[in-house]
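Report on one structure; see the data block that follows.
One-based numbering, in listed order, for ligands and for the atoms of each.
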Amino acid sequence: MKAVVIEQFVSNFEDLKPRDAPLPSSKKSSDIQIKVTHASLTHVDMLYAQGLHQNNKRHVKPPFVLGTEFAGIVISSPSNKFAPGDRVFGGGLGSYAESICVDEGIVRRVPGLWSNAEACAVGVSGAVSYGSLISVARLKRGETVLVLGASGGLGVMAIQIAKAVGAKVIALVGDKEKSRIMKELGADEAVSYRQRNWEEEVRALTDDGEGVHVVYDAIGAIESALKCLRYRGRIVIVGFAARGGKMEEVRANRILLKSAMVHGYRYGEDGRRDPRRTEEVWSGFLNLVEAGGIRPIIFQGNYMGLESIPRAFGDLKMHKVWGRAVLRINEDVEATKEAARL
Ligand SMILES: NC(=O)c1ccc[n+]([C@@H]2O[C@H](COP(=O)([O-])OP(=O)(O)OC[C@H]3O[C@@H](n4cnc5c(N)ncnc54)[C@H](OP(=O)(O)O)[C@@H]3O)[C@@H](O)[C@H]2O)c1
């Protein structure tokens with residue numbers, strides 16, 4: 001099969017070329033074989049390619065097949081949970097390939113209303129955002145939440161989850177087009193991070209001018225988040241998409257002065273330590289999906305085949321993308337399967 005293998009970390013995305021690689025084989029009795037139809041292009045994948053993610057120190061070292069999220073068709077399953085031909089999606093290393101072999105436990109059936117491309121666009125982002133906003137920050141109806149990194153793959157899920165539980169949403173975005181799209185998605189307000197003192201605008205948009213109840217931070221901007229937060233507000237740290245690998249130093253007295261609660265959320269590690277918590281966030285998120293409250297958001301760029309990865313990463317780096325960029329790998333397989341079902 002063809003795959004994008006990281007033999008050594010790259011500094012130029014043009015070096016990410018598909019090559020022949022052995023079909024992935026089962027290492028555990030719980031492994032499932034899947035033909036990949038789609039793979040997501042995420043911030044994490046860009047970091048993995050360059051060796052800049054915290055996991056590159058321990059869990060993800062060369063050689064490995066790049067790509068962390070996928071949708072596909074089951075080839076063979078170790079149990080009767082899935083049958084060959086079932087449409088599935090999940091998050092697991094090695095998705096920039098024609099086939100992937102992962103633990104069956106991390107794979108879910110594609111909801112009937114979604115295509116594989118749509119399921120791939122949601123990936124684990126819905127569960128991560130649900131865990132952050134609901135399990136950790138305890139966001140409630142009537143509260144106001146500021147979403148940092150609102151136009152990203154995680155952010156578009158956070159906006160919709162917050163709206164589904166009845167919160168008011170202020171989205172931080174990079175340009176007018178993204179502002180329009182985030183409002184279409186349900187954000188009540190959108191503020192540009194390119195304007196000076198945007199934190200003041202956020203506070204002015206809260207009902208009493210005292211600041212937001214919750215900040216969902218996927219970009220790494222805690223000092224700004226604290227400026228936007230009301231007294232006894234909650235911040236959940238989700239990611240660092242704006243930091244280019246350089247972490248922020250936070251003046252701890254700012255946290256004390258607001259009696260703020262600052263909480264990190266690491267979806268993968270949480271699941272490794274206690275799989276029940278992962279099940280809880282998935283079940284909460286999928287309830288919202290079934291209630292019709294969540295739309296997958298696929299970026300309009302046409303990324304056909306593993307060869308388009310450098311172009312897609314270039315678009316991500318240039319801030320062109322909103323929602324999730326999705327790579328189409330064996331898309332025709334899904335179509336064939338659908339036709340066979342009719
Ligand atoms: N905690 C967890 O378990 C977990 C799980 C998955 C991912 N993550 C992390 O979450 C973060 C977001 O992931 P993602 O997949 O949503 O990324 P993404 O799709 O690439 O989106 C990144 C977002 O950050 C914004 N952004 C980038 N540079 C910015 C800047 N200088 N100032 C303000 N905003 C900026 C982008 O807006 P513009 O395009 O407008 O700049 C976009 O909305 C990443 O750091 C990722 O590693 C965490």
>> So, regarding His319 and ligand 1 (criterion: nitrogen or oxygen to nitrogen or oxygen, under 3.5 Å), is there a contact or not?
In response: yes
>> If you count every heavy atom of other residues, nucleotides or ligands that lies below 6.0 Å from Lys140 atom NZ, does the total exceed 12?
In response: yes
> Among Ser151, Gly323, Gly264, which one has a heavy atom closest to atom 42 (C) of ligand 1?
Replying inline: Ser151
> Got more than 12 heavy atoms from elsewhere within 6.0 Å of NZ, Lys246?
Replying inline: no
> For ligand 1, is there an N or O atom under 3.5 Å from any N or O atom of Val173?
Replying inline: no
> In terms of atom number and element, which parts of ligand 1 are under 4.0 angstrom from non-hydrogen atoms of Tyr267?
Replying inline: 2 (C), 3 (O)
> Which protein heavy atom lies closest to atom 46 (C) of ligand 1, and at what distance to 0.1 Å?
Replying inline: Val44 CG2, 3.9 Å
> To which of Asp175, Val128, Asp270 does the heavy atom nearest atom 5 (C) of ligand 1 belong?
Replying inline: Val128
> Within a radius of less than 6.0 Å around NZ of Lys258, do more than 12 heavy atoms belonging to other residues, nucleotides or ligands occur?
Replying inline: yes
>> I need the atoms of ligand 1 closer than 4.0 Å to a non-hydrogen atom of Gly153, numbered in the order shown.
In response: 16 (O), 19 (O)
>> If I apply the N/O under 3.5 Å rule, does Tyr193 come out as touching ligand 1?
In response: yes
>> Once you measure the plane-to-plane angle for Phe313 and Tyr96, does it fall in the parallel (<30°), tilted (30-60°) or perpendicular (>60°) bin?
In response: tilted
> Considering only heavy atoms, does Tyr265 approach ligand 1 within less than 4.0 Å through its side chain, its backbone, both, or neither?
Replying inline: backbone
>> Using a 3.5 Å cut-off on N or O atoms only, is Gly268 in polar contact with ligand 1?
In response: no
> What do we get for Ile219 next to ligand 1 when only non-hydrogen atoms under 4.0 Å count, side chain, backbone, both or neither?
Replying inline: side chain
> What's the spacing between Asn330 CG and Ile34 CD1 if we round to 0.5 Å?
Replying inline: 12.5 Å
> Can an N or O of Gly152 be found at a distance shorter than 3.5 Å from an N or O of ligand 1?
Replying inline: yes
> So with a 6.0 Å cut-off around CD of Gln8, is the heavy-atom count from everything else above 12?
Replying inline: no
> Does the N or O separation between Lys178 and ligand 1 drop below 3.5 Å for any pair?
Replying inline: yes
>> Is it the case that ligand 1 has an N or O less than 3.5 angstrom from some N or O of Arg266?
In response: no
>> Taking 4.0 angstrom as the limit and counting only heavy atoms of Gly149, give me the atoms of ligand 1 inside it, by number and element.
In response: 23 (C), 24 (O), 43 (O)
> Should the pair Arg194-Asp175 be classified as a salt bridge under the 4.0 Å nitrogen-to-oxygen rule?
Replying inline: no
> So, Ser95 side chain and Phe70 main chain: donor-acceptor pair closer than 3.5 Å or not?
Replying inline: no
> What atoms of ligand 1 come within less than 4.0 Å of a heavy atom belonging to Phe240?
Replying inline: 45 (O)
> In terms of heavy-atom contacts, does CZ of Arg19 have more than 12 from other residues, nucleotides or ligands at under 6.0 Å?
Replying inline: yes
>> Among Asp217, Val321, Leu154, which one puts a heavy atom closest to atom 6 (C) of ligand 1?
In response: Leu154
> Mind checking whether Thr144 and His213 have side chains closer than 4.5 Å, heavy atoms only?
Replying inline: yes
> Do the side chains of Leu148 and Val136 join up, straight or via other hydrophobic residues, at under 4.5 Å, putting them in one cluster?
Replying inline: no
> Counting each atom of ligand 1 from 1 as listed, which ones have a heavy atom of Gly174 under 4.0 Å away?
Replying inline: 40 (O)
> Purely on distance, is any nitrogen or oxygen of Arg324 under 3.5 Å from one on ligand 1?
Replying inline: yes
> Which ligand 1 atoms are under 4.0 Å away from a heavy-atom of His43?
Replying inline: 17 (O), 20 (O), 44 (C), 45 (O), 47 (O)
>> For Phe299 together with Trp322, are the ring centres under 6.0 Å from each other?
In response: yes
> Please state which protein non-hydrogen atom is closest to atom 22 (C) of ligand 1 and give its distance, to 0.1 Å?
Replying inline: Ala241 CB, 3.7 Å
